[in-house]
Number of protein chains: 2
Amino acid sequence: MLDIAILGLLMDRDHHGYEIRTQLRDRLGVWANVSFGSIYPALARLERQGCVEAVTSSETRLSSLSTGSLSGERASLRSLRTTTGLGRRGRKVYRITERGRRDFVSMLADPATLDDGKNFSLRMALAQYLNPNARVGLLERRRGDLIARLAEVRVGANNELLDPYARGVMEHAAQGVELDLAWIDGLLSAERSNQESFAHDAK
Amino acid sequence: MLDIAILGLLMDRDHHGYEIRTQLRDRLGVWANVSFGSIYPALARLERQGCVEAVTSSETRLSSLSTGSLSGERASLRSLRTTTGLGRRGRKVYRITERGRRDFVSMLADPATLDDGKNFSLRMALAQYLNPNARVGLLERRRGDLIARLAEVRVGANNELLDPYARGVMEHAAQGVELDLAWIDGLLSAERSNQESFAHDAK
DNA sequence: CGTTCGATATATCGAAGTGATATTATATTT
DNA sequence: AAATATAATATCACTTCGATATATCGAACG
């Protein structure tokens, strides 16, 4: 799953490992605290698979809208001018490959494993890279999962053998699932009205 | 964290590995699908640490309120009579030790690492084993974490550099945190009114 | 009656993620 | 000029996951 997150960030622009961590925090909020112990192995893995490649900083592609710490970015650019060829120190900047782009979109669209809230939120945060059909597919799949889950937790919430605290947890879980469902339904109807206005424009 | 969950189940009555999985699903709903690849190593670990011990089925302590599959329990009792000493086949039944009880309560009360929703729900589901002070401590700690988190996701939700999908995820996350906060506040006021009624009874 | 099937039960594997820690370079503050 | 904070990569042991193997039991079926 971290692979998707990293590739998603690299779709926008090049990044190095440390930056991936900060971006993950600022842009894909769900994955608040991913540790370096995950990121560096993941980058090595993705490079091995040919999904990303390390580039020298001089040819780094920077986005126009540099999200977040502008000062830091400017600082690194300044030092870039003064350092020797390979860019600032040990900084390894990664770029996504064609292969990586393909893999990213197919992984994003295909919820092989039925995902938990965190995984799904990640997918939605990157949904701009999906076509409308894939988005609706993802949403409907999630909707089904949530309805099943709601039934489960409601059983728990009504199980009189459980002590009050455990039942309270179940009740709260049910409310959480309901909130998720409302969100999904909202997104689904938004997708549909988008498609309609599309059809309307086309005729 | 799985250690807490397992010990929590064993506080109620003895269990074997497979049963721990089903109980985790039925009673501590948050931990829906814990795999055997986690449970068996965890049991071995706990045994090594002296928190649990394996007992022969004949001396198994069964709870009066046998939650869930009664038929299965009866079946195992029947076969117990017909099999040789060590109880049904390879079934290894674990019992919590005195040491385990102590460790359990201290681990449960002490959120060393600031925990995510899943971890906290687990603690709350087992809150019956905590004294009121420890419960309130846990709740207040959680409350602080949630307020901090709410501020974070609100920043994300209002970040105009993020695309609409990413922002939608953040907005939904904020709603989730608000729901969690409302739950915590409800629990806190319940704890307080309990204490009051206690004081009232005492005078 | 045998046999097949689903649930019960333990175990182990590799892959992935966590949290801690080490190390070094650069930037900022004093 | 020194101290401190932050940027940056890397590695460690440990935990968890998901898949898979294997064996037994009870029930259903022809």
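Please read these numbers as outputs of a predicted model, since none were measured by experiment. Throughout, a chain's letter reflects where its sequence line sits, starting with A, and its residues are numbered from 1.
The side chain of A:Tyr40 contributes an N or O atom lying less than 4.0 Å from OP1 or OP2 of D:dT9. Taking only side-chain nitrogens and oxygens, B:Arg45 comes nearer than 4.0 Å to OP1 or OP2 of D:dT16.
If you take CZ of A:Arg91 and C1' of D:dT9, they are 12 Å apart, rounded to a whole angstrom. Here D:dT16 presents its P atom at 14 Å from NZ of A:Lys118, a figure rounded to the nearest Å. Rounded to a whole Å, the CG atom of A:Leu43 is 15 Å from the C1' atom of D:dT11. We find that NE2 of A:His15 is positioned 15 Å from P of D:dA7, with the value rounded to whole Å. Distance CG (A:Leu24) to P (D:dA8): 16 Å, rounded to an integer number of Å. Remark: C1' of C:dT10 and CD of B:Glu19 are 14 Å apart, rounded to the nearest angstrom. Across the protein-nucleic acid pair, B:Met1 atom CE and C:dT18 atom C1' stand 12 Å apart, rounded to whole Å. One interatomic measurement links the two molecules: CZ of B:Arg21 to P of C:dA7, which rounds to 12 Å at whole-angstrom precision.
Map A:Ala42 and A:Phe36 each onto its nearest nucleotide of DNA chain C; the residue landing nearer the 5' end is A:Ala42. Nearest-nucleotide positions on DNA chain C for B:Gly37 and B:Thr22 put B:Thr22 closer to the 5' end.
The aromatic rings of B:Trp183 and A:His172 lie parallel to each other, with less than 30° between the two planes, well short of the 60° mark.
In terms of polar N and O atoms assigned as donor or acceptor, the side chain of A:Ser35 never comes within less than 3.5 Å of the base of C:dG17 in a complementary pairing.
Between B:Val155 and B:Glu152, the closest side-chain pair of non-hydrogen atoms is not below 4.5 Å.
In this structure, the nucleotide among C:dT10, C:dT18, D:dA10 sitting nearest to the side chain of B:His16 is C:dT10.
No hydrogens or angles considered: nothing links the side chains of A:Arg91 and A:Tyr18 as a donor-acceptor pair under 3.5 Å.
Across all strands shown, B:Gly17 has heavy atoms under 4.0 Å from sugar-phosphate atoms exclusively, and none from any base.
Within a 6.0 Å radius of CZ in B:Arg25, other residues, nucleotides and ligands contribute more than 12 heavy atoms.
Electrostatic pairing of B:Asp163 and B:Arg167 does not count as a salt bridge here, judged by no charged N lying under 4.0 Å from a carboxylate O.
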